[in-house]
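A short write-up of the structure that comes next.
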Amino acid sequence: MKVNKNSKNQQLEQFREEGKDQYMTTDQGVRVNHTDDSLKAGSRGPLLMEDFHFREKMTHFDHESIPERVVHARGSGAHGYFQPYNDTLKEFTKAKFLTDPNTQTPVFVRFSTVVGSRGSADTVRDVRGFATKFYTEEGNYDLVGNNMPPFFIQDANKFADLVHAIKPDPDNEMPQASAAHDTFWDFASLMPETMHMIMWVLSDRAIPRSFRMMDGFGVHTFRLINEEGKARFVKFHWRSKLGAHSLVWDEAQKLAGKDPDWLRRDLWEAIDMGDHPEFELNVQIVEEEDEFKFDFDLLDATKIIPEELVPLRPVGKMVLNRNPDNFFAETEQVAFHPGNLVPGIDVTNDPLLQGRLFSYVDTQLNRFNSANFAEVPINRPLASTHNHQGAGFMRHTINKGKANYWPNSIGGGCPMMAPEKMGGYVHHMEKVDGHKIRARSESFNDHYSQATLFWNSMTEPEKKHIVKAAHFELGKVMSKEIRQRMLGHFNIISPDLAQRVSEGIGVEVPKDFKPTSTGHYEDNEASKQMKKGKSVKETDFVSMEKHKIETVASRQIAILLEDGYDYCEVMQVKKALEDAGAHTKVVSKFHGMRKAATGEEIETDKSHITTASIMYDAIYIPDGEETIKALLKEGDAIHFVNEAFKHCKAIATSGNGIALLEKAEVLGIDFAAHDSQKVLSDKGVVTAGNDADAEEFATKFIDAIKKHRHWNREEKMMVPA
Ligand code: HDD
């Protein structure tokens with residue numbers, strides 16, 4: 001069958017229902033005449049059992065919830081499509097959806113946090129799930145990844161322990177959606193293999209600005225298989241076309257209260273407005289004979305392949321262009337599984353991946369209470385399905401005929417087996433030989449080198465954020481013993497890191513720390529070969545700062561004003577921002593129309609009580625004697641500027657607006673000094689005199705927004721906003 005980017009939408013169409021211009025009916029199709037009262041024996045009497053409408057309505061409601069996902073419970077979904085750039089991957093895989101530039105394969109993506117429950121806040125410090133279902137012509141392929149390339153543990157047998165430790169405590173169910181408690185850090189400090197991932201989780205990657213502005217990773221090493229049956233190792237990477245950008249921690253915490261749906265709303269609104277998120281799929285390919293050429297094991301999911309050793313190869317682009325119609329039917333019921341594979345892609349012996357191959361279907365059975373979840377519209381493949389799996393709760397398909405077994409002659413031997421050349425999936429014939437043993441390869445036994453590599457590859461502001469995150473996380477840990485154990489690990493990763501964390505958490509770096517290891521590692525030929533492998537001391541690509549994409553596309557800019565602003569200037573700056581792809585929102589004390597000095601009116605989009613600076617990427621305060629006078633009298637406006645400054649966002653103002661900066665004490669600099677404009681602009685604050693050229697002013701502002709955050713402000717002592 002041939003699919004195009006609309007195929008899934010067309011398939012879903014047959015299940016959609018809107019009720020427009022229709023009478024309300026029961027589930028049996030009987031028209032309802034009255035739904036406000038139940039059937040009673042007298043208007044003051046008891047309810048009657050025969051009220052089939054009440055019973056059906058109530059029963060349906062009583063059964064409306066299903067178990068939330070045991071991890072990744074909170075998520076947001078979007079539809080879209082994937083299209084390869086060209087056919088160059090044909091050399092490596094026979095998967096058509098990766099190699100035919102003329103095929104636009106429909107996808108459904110679900111982004112998620114991991115730890116929090118379904119109603120938890122979006123902006124917590126956490127890993128983000130990045131799961132993609134490709135509805136390919138050859139069946140569904142799921143790439144079930146995260147926004148960080150390593151993982152906490154090496155063996156799936158530790159997954160339940162990891163999740164128990166990071167989830168709220170079993171006795172009091174606290175804290176919600178947070179690793180900052182004793183049990184998680186107890187576990188981590190006893191598990192050296194978590195150290196590389198711990199560095200990522202303490203970094204800004206754990207507080208993304210938007211689901212649209214984070215990268216995705218398949219984490220494990222998978223296999224690509226070509227037409228000739230030749231296999232190669234592969235790692236999958238999604239690169240956001242908008243770049244990977246973060247919030248700052250103070251902002252993330254405040255957003256969790258002011259708008260717990262922050263990331264969900266951002267994704268929904270962006271798609272709604274036509275800012276369709278785009279991600280580029282890249283692969284790192286390793287020849288089988290190079291398996292041991294690195295100083296880490298490719299099967300160890302706590303490791304990355306530094307891009308200096310194996311560069312990324314772009315494959316194609318994914319565009320997310322449609323919001324779901326119904327959260328439950330689509331985003332909640334979508335069921336991902338790393339074992340949903342199509343010909344041309346296969347798994348490896350990574351012991352974490354192998355465990356996942358069991359866990360996902362198992363958990364779907366708990367969520368759906370039936371093995372028929374693949375028939376739910378969002379999970380249905382576009383490729384037609386034919387087999388003898390015909391019964392069970394909620395079976396939709398009506399399988400015809402008598403032969404529900406194989407082999408059969410009664411059914412004409414159908415459905416038939418597909419030879420490989422007809423698209424039959426054939427597992428890669430890897431030779432496997434070994435003793436039954438509860439152990440890992442010694443080649444998995446280096447838990448620190450890549451944690452150090454990560455630390456060494458960070459810019460100074462990024463390092464600072466990691467240290468602060470550790471101050472927060474470990475500062476919440478009551479046990480000094482656990483804090484100290486973590487310092488012991490940090491000291492192995494980098495004495496500088498350990499020292500800086502130690503200063504904030506009131507314990508000394510231990511002198512004679514010996515990490516405990518709970519894994520059982522067995523030496524073998526692979527580990528001997530691997531020890532001679534290639535390594536690097538720094539890898540640029542893990543730093544978001546070193547690879548930021550300088551664009552203002554889809555960024556939200558607040559225009560802070562009251563009556564009496566300079567209309568011409570506002571319109572020019574607004575147009576320049578919007579032409580560059582940003583969105584503007586007028587913010588004032590109250591909703592309503594705001595009058596310019598010259599009499600024109602603009603409608604306020606948000607009032608101070610409904611918004612905050614944390615909801616914008618940059619702020620602009622237009623000139624105008626009266627507007628600035630009014631803003632100077634508003635605590636909320638001064639706080640707005642002060643907070644945006646503290647969060648290192650671009651700020652622009654002209655003429656009288658400079659007085660507001662002074663009042664907000666943004667820099668504590670001498671605004672009268674001859675170089676004050678330069679000092680300000682170095683820190684992302686764009687100012688101009690009364691008669692400045694608005695176009696030039698807007699261009700400078702846009703350039704400042706492109707930098708996203710002006711971390712050099714953090715050098716300055718700042719009053720918390
Ligand atoms: Fe997992 C959900 C990603 C390790 C067991 N996982 C889940 C989701 C994502 C990931 C994105 C959400 C899917 C959705 O949106 O519905 N998980 C990962 C990654 C891992 C990983 C990238 C490491 C490389 N996971 C992992 C292990 C196990 C699981 C080792 C168990 C052995 N994961 C699950 C699960 C979930 C899940 C319990 C919960 C809901 C679901 O599967 O459908 O089975």
Side-chain angles (χ1 to χ4, degrees), residues 66-79 107-118 122 126-133 140 142-167 191 193-194 196-197 200-201 205-206 208 211 214-222 235-238 263-264 267 298-304 320 324 327-340 347-369 373-374 376 378-379:
I66 62 170
E68 67 173 32
R69 290 166 175 83
V70 60
V71 286
H72 297 262
R74 180 161 179 87
S76 307
H79 291 274
V107 297
F108 187 76
V109 174
R110 185 173 179 271
F111 299 110
S112 46
T113 50
V114 180
V115 180
S117 57
R118 250 189 81 179
D122 278 345
D126 198 355
V127 182
R128 298 301 183 285
F130 190 141
T132 309
K133 194 179 279 296
N140 285 352
D142 291 355
L143 181 53
V144 196
N146 281 336
N147 75 329
M148 298 176 193
F151 199 66
F152 292 100
I153 49 171
Q154 297 175 323
D155 187 307
N157 210 3
K158 283 185 169 165
F159 190 69
D161 298 305
L162 163 74
V163 175
H164 283 172
I166 202 165
K167 281 266 186 181
M191 293 272 299
E193 72 198 63
T194 61
H196 182 206
M197 184 64 163
W200 284 80
V201 170
R205 297 256 179 185
F211 287 137
M214 59 183 206
D215 297 330
F217 303 89
V219 180
H220 310 280
T221 303
F222 292 88
K235 290 252 190 202
F236 293 106
H237 299 241
W238 288 114
L263 296 180
R264 177 177 291 185
L267 180 67
L298 287 176
L299 301 185
D300 173 358
T302 66
K303 305 295 186 293
I304 61 166
L320 301 180
F327 185 89
F328 180 82
E330 298 170 83
T331 309
E332 194 59 14
Q333 292 206 103
V334 68
F336 293 97
H337 173 33
N340 286 347
V347 297
T348 58
N349 296 334
D350 171 343
L352 193 74
L353 175 58
Q354 292 279 320
R356 293 180 75 194
L357 297 178
F358 164 75
S359 178
Y360 287 72
V361 174
D362 193 37
T363 206
Q364 315 303 1
L365 293 176
N366 182 47
R367 291 207 302 129
F368 296 97
N369 230 322
F373 59 85
V376 169
I378 192 69
N379 295 324

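Counting convention: from 1, in listed order, for ligands and their atoms alike.
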In terms of the angle between their ring planes, are Phe211 and Phe111 parallel, tilted or perpendicular, with boundaries placed at 30° and 60°?
parallel
For atom 23 (C) of ligand 1, the closest protein heavy atom turns out to be Phe151 CD1, 3.3 Å
For atom 24 (C) of ligand 1, find the nearest protein heavy atom and state the residue, atom name and distance (0.1 Å precision).
His220 NE2, 3.2 Å
Side-chain contact, heavy-atom cut-off 4.5 Å: Arg356 with Val144?
yes
Determine the sole option in Asp350, Thr194, Asp300 for which the side-chain hydrogen bond (donor to acceptor under 3.5 Å, both in side chains) test with Gln154 is passed.
Asp300
Only one of Val115, Ile166, Asn147, Val71 forms a side chain to side chain contact (heavy atoms under 4.5 Å, CB included) with Val127, so which one is it?
Asn147
Test: Lys133 cationic atom under 6.0 Å from Phe336 six-membered ring centre, within 45° of axis:
yes
Numbering as shown, the atoms of ligand 1 that approach Val144 to under 4.0 Å (heavy-atom distance)
3 (C), 9 (C), 10 (C), 11 (C), 22 (C)
Do me a favour and list the nearest non-hydrogen protein atom to atom 13 (C) of ligand 1 with residue, atom name and distance?
Phe336 CD1, 3.8 Å
Are side-chain heavy atoms of Asn146 and His72 found at a separation under 4.5 Å?
yes
Sub-4.0 Å heavy-atom contact, Gly145 with ligand 1
yes
Of all the atoms in ligand 1, which lie at a distance below 4.0 Å from a heavy atom belonging to Gln364?
43 (O)
Do Asp142 and Thr132 have side chains that get closer than 4.5 Å, going by heavy atoms?
no
Short version for Thr363: what comes under 4.0 Å of ligand 1, heavy atoms counted, is side chain
Under-4.0 Å heavy-atom contact with ligand 1, by part of Phe159 that carries it:
side chain
I'd like to know if the side chain of Glu330 and the backbone of Pro324 have a donor-acceptor N/O pair within less than 3.5 Å.
no
When you look for heavy atoms under 4.0 Å from ligand 1, do you find them on the side chain of Phe130, its backbone, both, or neither?
backbone
Can you see which heavy atom on Leu353 is nearest to which on Pro338, and at what distance?
CD1-CB, 4.2 Å
Which residue owns the protein heavy atom closest to atom 1 (Fe) of ligand 1, what's the atom, and how far is it?
Tyr360 OH, 1.9 Å
Using a strict cut-off of 4.0 Å, indicate which atoms of ligand 1 neighbour a heavy atom of Ala156.
32 (C)
So which heavy atom in the protein is nearest atom 44 (O) of ligand 1, and how far is it from that ligand atom?
Ser359 OG, 3.2 Å
Distance from atom 3 (C) of ligand 1 to nearest protein heavy atom, with residue and atom:
Arg356 NH2, 3.3 Å
Side-chain touch Val107/Leu320, heavy atoms, less than 4.5 angstrom
yes
Inspect the surroundings of CZ in Phe358 and state if more than 12 heavy atoms from other residues, nucleotides or ligands are less than 6.0 Å away.
no
For atom 12 (C) of ligand 1, which of the options Arg74, Gln333, Glu68, His72 provides the nearest non-hydrogen atom?
His72
Protein heavy-atom partner closest to atom 38 (C) of ligand 1 - residue, atom, separation in Å:
Val70 CG1, 3.4 Å
Should you measure from each heavy atom of Leu352, which atoms of ligand 1 turn up under 4.0 Å away?
23 (C), 24 (C), 30 (C)
Nearest neighbour in protein (non-hydrogen) for atom 15 (O) of ligand 1
Arg110 NH1, 2.6 Å
Part of Asn146 within contact of ligand 1 (heavy atoms, under 4.0 Å)
both
Examine Arg69 against ligand 1 and note whether any of their N/O atoms are separated by less than 3.5 Å.
yes
Would you say that more than 12 heavy atoms from the other residues, nucleotides or ligands in this model lie under 6.0 Å from the CG of Asn157, or not?
no
